[in-house]
Amino acid sequence: MKLVPVKIPSIIKRIFPNYVWDFSSSSKVIYLTFDDGPTPEITPWVLDVLETYNAKATFFCIGDNINRHPSLFRDVIARGHAIGNHTQNHLRGWNTATPLYIENTLKAQDAIDRHAPSPITTKLFRPPYGQIKPSQGRALLQMGYKIIMWSVITFDWEDYLTKARCLDNAIKHTKDGNIIVFHDSVKASKNMMHALPEVLKHFSERGYTFKALSF
């Protein structure tokens, strides 16, 4: 059973004001994000679907996956999407000592820096599972990272969730300026590959644009 709500309550945002949960916006802009890639079986499909709608997104990449699939990682960048750090090995922050967590994040940053065709100057970070200790958050903020959380999480990776419910999670709860979490992973593919095109179609028809995170 999931303990995290689809839509993040405003009280959580007030408790952690130094993290980015959404953007105040009167314009019709949505920020799609994808965690856990790059994945050869899934990420190319995501890139093609996004291109169909002229949509830009932000990909929070696992360092180990970048090292395994550097050409795919560079393709994500070449198509105009933003890149974020998702640790080297998808660590749970709550179960990891802070020095090890920071070391693992820096390994992922090294993979990003080595394989990117040009320097990525904005350092975006999303904690796997949304789990991050205050000490880890403070350290990363001091190192210049923007810690990106989310407004709406689709739970696309959950086996119990139907494709229709995953789509419903995204469409019913998303508002202007929101950050949505999908996953470009094999585990999430059944639900994500159903929901993503429908989300793009639904909001595009209502005059929304999809942008990569930019600071």
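Along the sequence shown, residues carry numbers from 1.
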Quiz item: Pick one: which of Lys133, Met149, His86 meets side-chain contact (heavy atoms from CB on, under 4.5 Å) with Pro127?
Solution: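 The side-chain contact (heavy atoms from CB on, under 4.5 Å) with Pro127 is passed solely by Met149 among Lys133, Met149, His86.
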Quiz item: Among Val199, Thr209, Ile180, Asn178, whose side-chain contact (heavy atoms from CB on, under 4.5 Å) with Ile30 holds?
Solution: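 Looking at Val199, Thr209, Ile180, Asn178, the match for Ile30 under the side-chain contact (heavy atoms from CB on, under 4.5 Å) is Ile180.
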Report yes or no: does [X] contribute a side-chain atom to a donor-acceptor pair with the main-chain N or O of [Y] at less than 3.5 Å?
X      : Y      : result
Asn191 : Asp156 : yes
Gln136 : Thr96  : yes
Lys107 : Ile102 : no
His81  : Ala57  : yes
Trp45  : Ser189 : no
Lys163 : Met193 : no

Straight-line distance of [X] [atom1] to [Y] [atom2], nearest 0.5 Å:
X      : Y      : atom1 : atom2 : value
Asp35  : His183 : CG    : NE2   : 4.5 Å
Cys166 : His194 : SG    : NE2   : 8.0 Å
Thr39  : Lys187 : OG1   : NZ    : 13.0 Å
Tyr145 : Thr105 : OH    : OG1   : 6.5 Å
Ile179 : Ser151 : CD1   : OG    : 5.0 Å
Lys56  : Tyr31  : NZ    : OH    : 15.0 Å

Practice problem: Would you check if there is a donor-acceptor pair between the side chains of Asn169 and Lys7 at a distance under 3.5 Å? | Solution: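 Checked: Lys7/Asn169 side chains show no N/O donor-acceptor pair below 3.5 Å.
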Quiz item: When hydrophobic residues are tied together by side-chain contacts of less than 4.5 Å, even through go-betweens, does Leu140 share a cluster with Leu100?
Solution: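 No; tracing contacts between hydrophobic side chains, which count when under 4.5 Å, never links both residues.
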Practice problem: Consider only side-chain heavy atoms of I, L, V, M, F, W and Y, link residues closer than 4.5 Å, and tell whether Phe125 and Ile62 are in one cluster. | Solution: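 No, Phe125 and Ile62 fall in different hydrophobic clusters.
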Compare every heavy atom of [Y] with every heavy atom of [X], then report the nearest pair and how far apart it is.
X      : Y      : result
His115 : Pro70  : ND1-CB, 3.5 Å
Ser135 : Thr98  : OG-OG1, 2.6 Å
Trp94  : Ile132 : NE1-N, 3.3 Å
Asp176 : Ser27  : CB-O, 3.5 Å
Tyr53  : Pro197 : OH-O, 3.9 Å
Ala170 : Phe182 : CB-CZ, 4.4 Å

Are side-chain heavy atoms of [X] and [Y] found at a separation under 4.5 Å?
X      : Y      : answer
Val181 : Thr154 : no
Ile112 : Ile120 : yes
Phe73  : Cys61  : yes
Leu106 : Met143 : yes
Leu141 : Ile147 : yes
Phe16  : Trp21  : yes
Phe210 : Val29  : no
Leu50  : Leu32  : yes

Quiz item: Do Ile83 and Leu124 pass the side-chain contact (heavy atoms from CB on, under 4.5 Å) test, and can you show the C-alpha distance, the side-chain angles, and the key distance before you say yes or no?
Solution: CA-CA 7 Å; Ile83 294 296; Leu124 308 178; over 6 Å; no
Quiz item: Which pairs pass salt bridge (charged side-chain N to carboxylate O under 4.0 Å, His left out) with one or both residues in residues 109-125, sequence neighbours excluded?
Solution: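 Every pair satisfying salt bridge (charged side-chain N to carboxylate O under 4.0 Å, His left out) with a residue in residues 109-125: Asp110-Arg114.
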Quiz item: Does the separation of the ring centres of Phe60 and Phe34 fall below 6.0 angstrom?
Solution: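 Not close enough - the centres of the two rings lie 6.0 Å or further apart.
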Quiz item: Among Thr87, Asn85, Thr58, Thr33, which one satisfies side chain to side chain donor-acceptor pair (under 3.5 Å) with Arg126?
Solution: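 Of the listed residues Thr87, Asn85, Thr58, Thr33, the side chain to side chain donor-acceptor pair (under 3.5 Å) partner of Arg126 is Thr33.
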Quiz item: In this structure, which one of Asp36, Asp184, Asp48, Asp75 forms a side chain to side chain donor-acceptor pair (under 3.5 Å) with Thr43?
Solution: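 When Asp36, Asp184, Asp48, Asp75 are each tested with Thr43, the side chain to side chain donor-acceptor pair (under 3.5 Å) holds only for Asp184.
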Quiz item: So with a 6.0 Å cut-off around CD1 of Ile15, is the heavy-atom count from everything else above 12?
Solution: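 Enclosed.
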Quiz prompt | Over 12 non-hydrogen atoms of neighbours within 6.0 angstrom of CZ in Arg74 | solution =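 Above 12, so yes.
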Practice problem: Mind running side-chain contact (heavy atoms from CB on, under 4.5 Å) on Lys190 and Asp159 for me, showing each step along the way? | Solution: CA-CA 9 Å; Lys190 172 181 69 75; Asp159 289 337; 6.0 Å; no
Quiz item: Residues two or more places apart in sequence or in another chain: which of them pass ring-ring contact (aromatic ring centres under 6.0 Å, His included) with Phe203?
Solution: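 Counting only residues at least two positions away or on another chain, Phe203 forms a ring-ring contact (aromatic ring centres under 6.0 Å, His included) with Tyr208.
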Practice problem: State plainly whether the residues Lys13 and Asp22 are in salt-bridge range, i.e. N to O under 4.0 Å. | Solution: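 Answer for the salt bridge query: yes.
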